[in-house]
Amino acid sequence: MVTVPNAVIFVQPDRFDVHAARCLDYCASMRYEVAGLICGDWDAALRMLKDGLAAVIVVSSMTQLDPQREPRIEVVPKRLKARRITRPRLAAKVAAR
């Protein structure tokens, strides 16, 4: 059985709703169980890691990180453009040209 890591979301107070939503979407895509959503109290997020309540801290951007951060912090990536799917050409079609 695969264990799902618990995550604590850390968000600064400015634009809280936007950053929290990005982090919640990211946690859902990574299949993390959200153990907490912390606004502005970096030490509280670190305590959740140290107490074993969460395995990772998730923030919405590098600007949300505390400069004195510790390892095991994930930043939600910017939305990637959809890749165009290309099919490989068949050797017979290429040779016929």
Side-chain angles (χ1 to χ4, degrees):
M1 182 174 181
V2 177
T3 59
V4 177
N6 285 346
V8 58
I9 296 172
F10 174 80
V11 180
Q12 296 288 359
D14 61 309
R15 297 186 60 203
F16 176 84
D17 294 344
V18 173
H19 292 292
R22 281 179 44 88
C23 291
L24 288 167
D25 288 345
Y26 176 76
C27 288
S29 71
M30 296 298 291
R31 298 181 184 201
Y32 292 158
E33 293 289 333
V34 177
L37 179 69
I38 297 180
C39 180
D41 187 354
W42 186 253
D43 290 333
L46 290 177
R47 273 193 306 276
M48 288 189 74
L49 286 182
K50 290 175 184 170
D51 292 345
L53 299 173
V56 61
I57 296 174
V58 175
V59 298
S60 70
S61 70
M62 292 296 285
T63 61
Q64 297 285 306
L65 286 176
D66 183 297
Q68 304 301 318
R69 65 189 176 271
E70 294 184 12
R72 195 59 176 125
I73 298 165
E74 296 181 16
V75 179
V76 176
K78 290 185 178 180
R79 195 176 260 182
L80 299 175
K81 291 182 180 179
R83 290 179 137 179
R84 192 176 80 171
I85 298 173
T86 58
R87 291 186 283 176
R89 292 185 166 172
L90 296 175
K93 286 186 178 181
V94 173
R97 290 185 179 187

Side-chain heavy atoms of Asn6 within contact of Leu53, under 4.5 Å: no
So, taking the atom named CZ in Phe10 and the one named SG in Cys23, what distance separates them when rounded to the nearest 0.5 Å? 10.5 Å
When you compare the side chain of Arg47 with that of Asp41, does any pair of heavy atoms fall below 4.5 Å? yes
Shortest non-hydrogen contact between Ala7 and Val58, atoms and distance: CB-CG2, 4.1 Å
Residues two or more places apart in sequence or in another chain: which of them pass side-chain contact (heavy atoms from CB on, under 4.5 Å) with Leu24? Ile9, Val34
With sequence neighbours excluded, what pairs up with Ala21 under the side-chain contact (heavy atoms from CB on, under 4.5 Å) test? none
Quick one: closest heavy-atom pair of Cys39 and Gln12, and the distance? SG-C, 4.4 Å
Exactly one of Ile57, Val8, Asp43, Leu46 should register a side-chain contact (heavy atoms from CB on, under 4.5 Å) with Ile38. Which one does? Val8
Can you sort out the partners of Asp17 under side-chain contact (heavy atoms from CB on, under 4.5 Å), two or more places apart, ordered by chain and number? none
Kindly write out the residues that satisfy side-chain contact (heavy atoms from CB on, under 4.5 Å) with Val18, not counting sequence neighbours, or none if the list is empty. Arg15
